[in-house]
*Asks:* 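I have a structure here, written as structure tokens, and I will follow up with some questions on it.
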2 protein chains.
Amino acid sequence: MVKWFDRTPREVIAPLLRPRHPSESPNRVLLEELSPDRQAFLGQSACLQLSLLDSAARAVATAPSLESRVALAPIVRMVSARVSGLVELLAEHGGDPVAAMRPFSVQTDDFHRMTMGEGWHELVLSLHVTAGLLGDFFVAFAGGLPPADRDRVRLILTAEQGHGLLVAELQRAIDENPRLASRLALWGRSLVGDTLLQMYAAVAEAIGEAAARGPQGDRLEPVFTEIVANHTRRMDALGLTA
Amino acid sequence: MVKWFDRTPREVIAPLLRPRHPSESPNRVLLEELSPDRQAFLGQSACLQLSLLDSAARAVATAPSLESRVALAPIVRMVSARVSGLVELLAEHGGDPVAAMRPFSVQTDDFHRMTMGEGWHELVLSLHVTAGLLGDFFVAFAGGLPPADRDRVRLILTAEQGHGLLVAELQRAIDENPRLASRLALWGRSLVGDTLLQMYAAVAEAIGEAAARGPQGDRLEPVFTEIVANHTRRMDALGLTA
């Protein structure tokens with residue numbers, strides 16, 4: 001991890017995108033050993049889910065058919081439940097949810113702009129890929145929170161998953177127009193870089209940027225390798241080269 | 001009601017917008033005596049809620065501050081739960097939800113375009129006004145459905161109401177910039193006309209257009225007067241002239 005923060009997203013993800021066998025070791029534990037600040041964890045998660053909510057709503061609003069609008073509408077319900085859940089958890093801890101989210105507002109808006117894509121298909125792939133990567137990461141990272149918070153967060157983030165609905169829409173679109181595949185494969189790769197940078201920001205927030213660039217950061221590399229391996233499986237399932 | 005369908009929205013609503021004392025008679029019963037086609041009722045309601053969902057998501061995405069985005073996010077959750085509930089009810093009756101919605105797709109999209117407004121404040125008022133009017137109407141109109149459906153629909157439409165959140169945002173905006181009030185008052189009046197036309201379309205669908213223009217339609221006028229009186233109270237509460 002030493003050079004994550006000095007490199008471009010493409011340089012960062014290049015080594016991670018080489019096919020590897022997922023490690024046998026319980027890498028998640030590495031991430032769970034960190035103790036993220038609860039306020040920062042929830043604030044960033046809430047910001048990111050709010051950004052996914054806008055993407056989900058756009059995906060419904062701009063879908064090419066009434067069928068697709070109706071099929072994707074539940075995603076909006078699921079993501080908005082996550083936003084509400086995280087905001088409520090922040091409020092229960094007596095803090096101002098907006099104050100907890102504000103430090104992450106600009107970086108999340110940038111992430112949102114960069115991952116919106118051009119056109120509906122890129123937007124839907126973005127929802128599938130970024131929500132998948134962020135879900136894997138924050139569920140693991142929550143392991144370092146106090147147990148009650150950890151369980152609440154994991155319940156909020158995993159209660160309902162809409163990936164099946166997104167995959168069905170993408171699969172149908174690719175089947176109808178196979179030339180979409182290469183464009184979407186390229187787009188998927190660019191999404192990984194931008195999403196990994198959000199995770200590194202979360203880690204740097206938790207352990208300090210110096211530690212993230214040092215040996216402690218290095219030890220975490222297998223975690224990200226595993227998260228990217230899950231991503232590769234998601235792309236494979238769509239017949240897209242990760 | 002004789003001339004509703006021959007008149008412009010402004011002509012239609014002009015007599016209804018005169019202040020009146022709400023009638024003492026149980027006017028709702030008039031609407032409940034109709035027996036709407038279940039498929040059409042659910043299809044139109046689902047289409048309208050899908051349109052409100054887009055408005056709600058836009059209101060969150062384009063809010064002028066993170067505070068307002070967070071404050072309004074629960075509205076998206078509430079409206080998306082209504083969409084899901086209505087679509088699920090359609091599916092439970094063995095039909096294709098999309099087929100039930102399709103006949104209302106074009107008129108709902110037109111309604112959506114006409115009620116979107118210019119800028120965030122008009123959009124938020126639109127959500128408050130059109131969701132309020134449509135909620136009052138469809139809850140009453142559901143009275144003519146078979147009891148099990150009636151109860152389900154009323155539960156779906158009334159489970160959670162976000163009007164308090166919308167009023168708080170509007171009130172603060174008007175307090176900060178009192179000149180907004182006249183523009184929003186005008187906008188509120190235009191919204192009533194467009195929303196009433198959706199209700200007339202529902203009635204005409206249920207009893208036939210000829211009946212809606214005839215004595216049966218005339219008998220319903222007090223229902224709409226009452227619904228508009230509720231609207232007037234909502235506008236009054238904001239200090240806006242209805």
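Letters A, B, ... are given to chains in the order of the sequence lines, protein chains preceding strands, and every chain is numbered from 1. Atoms considered below: every heavy atom in the structure, side chains included; atoms not considered: hydrogens, waters and symmetry mates.
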*Asks:* Given heavy-atom pairs under 4.5 angstrom as the criterion, report whether the side chain, backbone, both or neither of B/Val76 touches chain A.
*Replies:* both
*Asks:* Which of the residues B/Ser80, B/Cys47, B/Ala99 is involved in the greatest number of heavy-atom pairs with chain A at under 4.5 angstrom?
*Replies:*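 The answer is B/Ser80.
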*Asks:* Return the set of residues passing side chain to side chain donor-acceptor pair (under 3.5 Å) with A/Arg58 (not counting sequence neighbours), or none when no residue passes.
*Replies:* A/Asp54
*Asks:* With a 4.5 Å heavy-atom cut-off (strictly below), which parts of residues 62-75 of chain A touch chain B? List them by number.
*Replies:*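 From residues 62-75 of chain A, the residues near chain B are A/Leu66, A/Glu67, A/Arg69, A/Val70, A/Ala73, A/Pro74.
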*Asks:* Using a 4.5 angstrom heavy-atom cutoff, name the option from A/Arg102, A/Met78, A/Met101 with the most pairs to chain B.
*Replies:*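 Top count of heavy-atom pairs under 4.5 Å with chain B: A/Arg102.
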*Asks:* Check each atom of B/Leu53 against the heavy atoms of chain A and say whether the ones under 4.5 Å are side chain, backbone, both or neither.
*Replies:* side chain
